[in-house]
Chemist: 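One structure is given below, represented as structure tokens, and several questions about it will come after.
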Amino acid sequence: MNAPLNISMPAEASQAPKSYKLLIDGRHIDARDGRSIERASPGHGFVVSRYAQAGAADVEAAVQAAHRAFETGPWPRMKASERAAVLLKAADLIETRLEEIARLDALESGKPIAQARGEIGGAVDIWRYAASLARTLHGESYANLGDAMLGVVLREPIGVVSLITPWNFPFLIISQKLPFALAAGCTAVVKPSEMTSASTFVLGDILLEAGLPAGVVNILAGFGADVGAPMVSHPLVEMVSFTGSTRVGKMTMAAASNSLKKVSMELGGKNGQIVFPDADLEAAADAAVFGGFFNAGECCNAGSRLIVHEAIADDFLGMVKTLASKVRVGDPLDNGTKVGAMISADHMAKVAGYVTAAKTDGGRVYSGGGQLASNAGQYLDPTIVRNVTEDMAIAREEVFGPVLSVLTFETIEKALHIANNTPYGLSAGVWSAGIDTCMSVARGVRSGTVWVNTFMEGYPELPFGGYKQSGIGRELGKRAVEDYTEEKTIQFHRGQRTGWWVG
Ligand code: NAD
């Protein structure tokens, strides 16, 4: 029996929670009905933040403000170079406030502070990348349609966009949407998760300081049914970009169909890492542990299925188990922590339920397996489950916790079958020294990203998104700004009318 985790209380625990107001039309305001949401740190248990809780009237005001800013404000009309300057200034300000933002995300989500710093640093890079794309966004011209015709295809901002984000990477995920929407000239209504809204409100302040005109970005804290749903169905919203669960993504898409909005969906994953005997097994073992337990497994890209060749299974899993036992679980604010707290007690119980069900179905807990005792907060032991079969819930559903399910294979065909035998298609990894093997897996897996001899790296230059029920569309990459545009075809005719109709 391990000693209970000793979680120390940070200075914030003895201070009043920080308060955040809604950002509508450039002003910080309380919710119209005066309600608020309190968020307790899942790692420590004290209330860190209090946000004004938006309702239907606040959504209406935010959408109207975004609509006005789009229809009559300067943002969609200014030069791309001017928009890029605001995005670059915002990136600089985020960098200046990196420590503060990372601490808010760590306190509200339970993620390790060192990891949070990396995420905010990554977000800075994304804001700068989006600024560069603002300058290169362009349409097409066709001078090959005959002497009398010039065809021009414009890229115009799509309009008001609703951006809805989850709790697991609060600042990073809004940074995968908002700078690209802004680069295109759109205006936005943003809803962070009701559990992790603080850093998005800080971003709102940063944008105003960077010179963003009032009403271009409006931020609402609140619950999905009260705030997310009307943001999706509102007739003045032209596009919804949603990151979250596949279940809510489906509801969102159905609601958006009412007014035929464009949708972009970044949803769940059930990603496999496939390990062949000729791989660098030390590197693969480290990546297996990283893939399974990074962000406490609360990650769309989690490598939650380890698909290992039979011939090396025992030895390789021994290496993985040894590494897993060294992973430091504990206080999110401790610089050495690798796995922090679980987002909520309910979610932790759900994750534990998957492990219990797997045991009933014949799975064997090989390492870890339960809640860790602690003086504060909620923590799970990184867990490895062996003897998992493809039909088990733990092999098919997104567990979203620090749980690695092990399946084995003998042929590459079987490995691919296992990898693809899920409704999801977000990402996958392959570990082998053989180019044929790597290429066969990379081509054969039905997922938006495949990592070859590495895992879960990301670059703003590379598109990210899912096949199958992991999503629709791609974020990041050179077309990320185009996603927030409409194409308009203009045909210029010169000279005499050609092709008289009546004669
Ligand atoms: P969730 O689907 O419960 O909530 C996501 C957001 O949607 C929240 O802001 C929530 O308040 C809002 N929402 C809830 N009901 C709504 C409704 N009816 N209409 C509109 N909005 C509504 O997801 P979560 O639990 O916050 O996040 C975890 C999920 O997100 C996991 O499934 C994970 O895989 C997924 N995710 C995907 C990616 C990706 O890039 N593919 C990245 C991170 C997380």
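Counting starts at 1 for both ligands and their atoms, following the listed order.
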Chemist: Taking everything shown except R396 itself, do over 12 heavy atoms lie less than 6.0 Å from its CZ?
Modeler: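 Result for CZ/R396: enclosed.
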Chemist: How about NZ on K262, more than 12 heavy atoms from neighbouring residues, nucleotides or ligands closer than 6.0 Å, or not?
Modeler: yes
Chemist: Do NZ/NE/NH1/NH2 and the carboxylate oxygens of D33 and R35 come within less than 4.0 Å?
Modeler: yes
Chemist: Could you tell me if any non-hydrogen atom of F169 lies under 4.0 Å from any atom of ligand 1?
Modeler: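 Per 4.0 Å heavy-atom rule, F169 does not contact ligand 1.
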Chemist: Quick check: T243 and ligand 1, any N/O pair under 3.5 Å apart?
Modeler: no
Chemist: When only distance counts, is S245 in polar contact with ligand 1, meaning an N/O pair under 3.5 Å?
Modeler: yes
Chemist: Looking only at protein heavy atoms, identify the closest one to atom 7 (O) of ligand 1 and say how far it is in Å.
Modeler: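 Nearest neighbour among protein heavy atoms for atom 7 (O) of ligand 1, to 0.1 Å: F242 CE1, 3.2 Å.
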Chemist: Under 6.0 Å from the NZ atom of K261, do we count more than 12 heavy atoms belonging to anything else shown?
Modeler: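 Atom NZ in K261 is packed in, count exceeds 12.
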Chemist: If you measure every N or O of F223 against every N or O of ligand 1, does any of those distances drop under 3.5 Å?
Modeler: no
Chemist: Of all the heavy atoms in P192, does at least one lie under 4.0 Å from an atom in ligand 1?
Modeler: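 The answer is yes, since P192 has a heavy atom less than 4.0 Å from ligand 1.
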Chemist: Distance to 0.1 Å, residue and atom name: give those for the protein heavy atom nearest to atom 8 (C) of ligand 1.
Modeler: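 Nearest protein contact, heavy atoms only, for atom 8 (C) of ligand 1 is T165 O, 3.4 Å.
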Chemist: What is the ring orientation for H347 with F400, classed by angle as parallel under 30°, tilted 30 to 60°, or perpendicular over 60°?
Modeler: perpendicular
Chemist: For atom 36 (N) of ligand 1, find the nearest protein heavy atom and state the residue, atom name and distance (0.1 Å precision).
Modeler: C300 CB, 3.7 Å
Chemist: Above 12 or not: heavy atoms from other molecules or residues under 6.0 Å from CZ of R117?
Modeler: yes
Chemist: Which residue and atom name correspond to the protein heavy atom nearest atom 27 (O) of ligand 1, and how close is it?
Modeler: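 Residue, atom and distance for the closest contact: P166 CB, 3.2 Å.
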Chemist: Could any protein non-hydrogen atom be found less than 4.0 Å from atom 4 (O) of ligand 1?
Modeler: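 No, there is no protein heavy atom closer to it than 4.0 Å.
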Chemist: Could you tell me whether R103 and E12 make a salt bridge, using a distance below 4.0 angstrom between a side-chain N and a carboxylate O?
Modeler: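 Salt bridge: yes.
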Chemist: One pair to check against side-chain hydrogen bond (donor to acceptor under 3.5 Å, both in side chains): E457 and Y459. What are the steps and the verdict?
Modeler: CA-CA 7 Å; E457 290 193 53; Y459 299 89; 2.7 Å; yes
Chemist: Has ligand 1 got any nitrogen or oxygen that is less than 3.5 angstrom from a nitrogen or oxygen of T246?
Modeler: no
Chemist: So which protein heavy atom does atom 17 (C) of ligand 1 come closest to, and at what separation?
Modeler: G224 O, 3.7 Å
Chemist: Among protein heavy atoms, which sits nearest to atom 41 (N) of ligand 1, and what does the distance come to when rounded to 0.1 Å?
Modeler: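 For atom 41 (N) of ligand 1, the nearest protein heavy atom is L267 O, 2.7 Å.
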Chemist: Students should be able to answer this: which protein heavy-atom is nearest to atom 24 (P) of ligand 1, and at what distance?
Modeler: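 Going by distance alone, atom 24 (P) of ligand 1 is nearest to W167 NE1, 3.4 Å.
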Chemist: Got the closest protein heavy atom to atom 32 (O) of ligand 1, with its distance?
Modeler: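 The answer is E398 OE1, 2.6 Å.
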Chemist: Please determine if A225 has a nitrogen or oxygen closer than 3.5 Å to a nitrogen or oxygen of ligand 1.
Modeler: no
Chemist: Does at least one non-hydrogen atom of G466 fall below 4.0 angstrom from an atom of ligand 1?
Modeler: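 Heavy atoms of G466 never come under 4.0 Å of ligand 1.
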Chemist: Can you find an N/O atom of N168 closer than 3.5 Å to an N/O atom of ligand 1?
Modeler: no
Chemist: For ligand 1, is S193 a contact, meaning one of its heavy atoms is under 4.0 Å away?
Modeler: yes
Chemist: Specify side chain, backbone, both or neither for E194, according to which of its non-hydrogen atoms lie closer than 4.0 Å to ligand 1.
Modeler: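 Only the side chain of E194 comes within reach of ligand 1.
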